[in-house]
Amino acid sequence: MTTDKDKPALDENSADYEEKWDQLIRDLRGAFPSSADEKLLYDFINIIKDAIYAFTSKTIDINNFISISIIENILSAFNSNIKLLGTELIINLISQINQDIFIDQKKRELKEKGVKVRKYRLFSKSIMTLHGTITYNRMGLIPATPDHAKKLTELGEQKIIFPLDEAIGAANLPFKLTVPAMLEVAYWVQSSSSYESAAKQLKKATGIVLAAETIRSIANTIGKIIFDIDAKDADNAFNLLKSGALELPEEQKSHILYLLVDGAMLHTREKNAEGSTWRENKLGLAFSTEYFKRSYDKKSSETKFRINKREYRAFVGDADTFKKHFFALALKNGYGSFKETVLLSDGATWIRSVKDELCPDAQQILDFHHLCKNVSDFAKGAFAKDEIKYNPWSENICKLFKEGQAEEAITQIRALGKKKMLKSSINLLSYIENNKNNIDYQKYIKKGYFIDSGAIESGRRSVLQQRLKQPGMRWNIDSGQYIVTLMSKVKSDLWNEEVVEPVLDYYGIKKENTIFSGIHAFF
């Protein structure tokens with residue numbers, strides 16, 4: 001005797017099962033013309049059948065119940081087949097478009113400009129998308145006479161015009177990829193250790209197969225679009241400052257804005273005036289206490305902070321150009337709208353000059369970590385690398401500085417005598433003198449300021465070095481710039497707002513019309 005407990009979770013013998021199944025097949029076949037790949041369609045139908053059978057046969061016996069592994073296999077089969085089926089459907093739908101509408105319209109447009117064209121022949125075109133490659137045929141138009149060909153060239157048109165390509169927005173796509181696919185390529189490039197690695201990751205994640213050189217060109221194209229926007233933004237911000245037209249809010253927030261600067265050397269393929277192939281890759285970072293999350297650590301009895309919003313801006317090149325990018329970064333993150341601004345840096349002369357020119361009201365702080373490193377490096381030379389001597393001496397000097405006893409620290413440095421000081425390659429007294437207004441650490445600690453630049457050190461590793469300083473790497477300056485520009489946007493959580501949206505706009509694509517999105521392109 002069969003009870004309800006013996007029945008499967010899904011019953012294919014139900015009264016309306018056959019009717020529903022027949023309707024499904026009719027609906028699927030109705031979506032495809034007779035020329036569609038019958039095997040692809042029936043493979044999909046069989047996957048549905050297999051899925052239903054798996055559940056009906058594997059949900060009766062509790063000891064042989066359907067497993068998550070079987071479910072995953074079914075989903076895998078669905079995903080691969082649906083992708084192929086969808087691509088086939090789109091190809092067939094494109095083939096049904098009446099191209100004569102667009103051909104006649106294009107002929108009229110050109111005729112008004114004095115150019116006569118005629119139909120030539122059908123050409124095949126393939127475009128890679130995030131969801132498969134679309135291949136279709138479209139009619140080409142060519143000039144009716146050599147004179148018309150000359151006029152067509154003067155108008156900036158191609159030798160062969162494809163009205164259908166223009167109609168569906170495929171006429172000016174570089175690399176034969178859709179823009180979301182290009183964005184996906186750019187994302188993988190900035191997150192991978194090399195172009196070759198990006199090619200492998202891209203293939204695994206999206207199925208797009210491209211040569212490493214093509215991937216490099218795509219990343220450069222996207223990176224240049226974004227860098228050019230940043231450069232224009234930097235020029236505008238700097239010109240506002242210099243013209244006196246910059247307006248800052250009267251009411252200021254009771255938070256602290258932090259501006260940090262650091263750099264790392266980039267090995268390039270181009271020599272500068274001195275014959276060096278190395279360029280400094282400069283990095284700016286901005287964040288404020290407005291977006292801090294505080295937590296108390298019971299073990300250390302310390303309050304810890306997490307920065308929930310930060311923004312990086314990187315530039316490969318000279319300080320005069322970087323300062324424009326740095327000021328644009330500061331302005332965008334609220335410079336002038338906070339009661340206090342702190343600039344943390346390693347004490348380089350050019351950074352002090354930038355601070356005096358762009359944000360003279362900011363409190364500059366010599367990064368305590370950099371100070372102690374210089375003290376330690378100085379001591380190694382002065383004490384002939386005798387660790388037993390230079391370690392405790394260095395620790396004591398740093399302790400004095402941190403406790404606000406800078407004069408005592410300087411006195412003890414001088415007490416070593418010129419002979420010992422000359423053994424070191426670092427002029428520590430000069431370094432301290434140049435930054436004497438930026439080392440009152442007791443005052444800074446009491447005001448609640450950070451005195452070390454751990455945040456930018458982390459950014460220097462992840463933005464400047466992780467991708468660009470792999471063993472044996474040498475860069476074209478432009479390629480290096482475009483990569484760090486894209487990396488800066490990712491590390492600042494601005495990929496969608498400041499990469500995807502501007503690139504879609506650049507190619508004339510409205511975001512609301514992009515029905516499907518890639519893995520990273522819109523998230």
Side-chain angles (χ1 to χ4, degrees), residues 23-48 51 74-103 105-106 121-141 160-188 202-210 214 218 500 503-504 507-523:
Q23 184 60 51
L24 172 63
I25 294 175
R26 287 195 297 271
D27 290 343
L28 286 171
R29 288 193 58 81
F32 289 83
S34 58
S35 60
D37 188 338
E38 292 288 338
K39 183 179 184 305
L40 206 58
L41 181 59
Y42 279 105
D43 281 349
F44 179 64
I45 292 171
N46 287 330
I47 291 171
I48 297 175
I74 293 170
L75 289 173
S76 177
F78 266 127
N79 288 337
S80 59
N81 192 270
I82 287 173
K83 191 172 183 179
L84 292 170
L85 196 63
T87 302
E88 182 72 17
L89 172 62
I90 295 300
I91 290 172
N92 285 314
L93 290 173
I94 292 176
S95 70
Q96 297 176 57
I97 293 174
N98 182 7
Q99 297 190 42
D100 288 337
I101 298 172
F102 307 114
I103 290 170
Q105 182 181 358
K106 190 66 180 180
R121 64 179 179 84
L122 287 171
F123 289 82
S124 176
K125 185 179 184 70
S126 293
I127 302 174
M128 280 186 279
T129 79
L130 287 172
H131 312 282
T133 298
I134 302 298
T135 302
Y136 61 95
N137 293 321
R138 74 271 203 250
M139 179 60 68
L141 301 179
I160 303 178
I161 299 170
F162 299 101
L164 182 59
D165 285 359
E166 293 181 5
I168 65 175
N172 299 314
L173 286 178
F175 313 107
K176 296 181 180 179
L177 266 75
T178 60
V179 175
M182 288 168 59
L183 285 162
E184 189 71 7
V185 170
Y187 184 91
W188 282 108
L202 188 69
K203 180 181 178 182
K204 183 178 180 181
T206 68
I208 293 176
V209 179
L210 293 169
T214 303
I218 293 169
V500 172
V503 169
L504 291 176
Y507 285 104
I509 300 171
K510 293 182 179 180
K511 187 176 177 183
E512 59 267 24
N513 291 338
T514 54
I515 300 172
F516 298 102
S517 59
I519 297 172
H520 302 289
F522 302 106
F523 295 100

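Here the structure is a predicted model, which means the values were calculated and not measured.
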Sorted by chain and number, sequence neighbours left out, side chain to side chain donor-acceptor pair (under 3.5 Å) with Ser76 holds for none
Are any non-hydrogen side-chain atoms of Asn92 and Glu88 less than 4.5 angstrom apart? yes
Applying side-chain contact (heavy atoms from CB on, under 4.5 Å) to Leu84 and not counting sequence neighbours gives Leu40
Residues passing the side chain to side chain donor-acceptor pair (under 3.5 Å) test with Asp165, sequence neighbours excluded, are Tyr136, Arg138
Taken in chain and number order and not counting sequence neighbours, the residues that satisfy side chain to side chain donor-acceptor pair (under 3.5 Å) with Thr135 are Ser126
Going by atom type alone, with no hydrogens or angles, which donor-acceptor pairs under 3.5 Å involve a side-chain atom of residues 166-176 and a protein atom two or more places apart or on another chain?
unit_1: Glu166; atom_1: OE1; unit_2: Lys106; atom_2: NZ; d: 3.2
unit_1: Glu166; atom_1: OE2; unit_2: Lys106; atom_2: NZ; d: 3.4

Sorted by chain and number, sequence neighbours left out, side-chain contact (heavy atoms from CB on, under 4.5 Å) with Asn98 holds for Asp100, Ile101
Checklist entry - Hey, are the side chains of Met128 and Leu210 touching, using non-hydrogen atoms and a 4.5 Å cut-off? => result yes
Looking at Lys203, is its backbone amide N or carbonyl O close enough to the side chain of Thr206 to form a donor-acceptor pair, meaning the two atoms are under 3.5 Å apart? no
In this structure, CD1 of Ile127 is separated from CD1 of Ile94 (nearest 0.5 Å) by 7.5 Å
Hits for side chain to side chain donor-acceptor pair (under 3.5 Å) against Asn137, two or more places apart or cross-chain, chain-then-number order -> none
For Leu141 and Pro163 the tightest heavy-atom approach is CD1-CG, 3.6 Å
Ring pair (Phe, Tyr, Trp, His ring centres under 6.0 Å) filter on Phe162, not counting sequence neighbours, yields Phe123
Value for CG (Leu75) from CD1 (Ile47), rounded to nearest 0.5 Å, stands at 11.0 Å
By side-chain contact (heavy atoms from CB on, under 4.5 Å), Ile91 pairs with (sequence neighbours left out) Thr87, Ile134
When rounded to the nearest 0.5 Å, the distance separating CD1 of Ile208 from OG1 of Thr129 is 7.0 Å
Handout entry: Donor-acceptor contact present, side-chain Glu184 to main-chain Leu130, <3.5 Å
Key = no
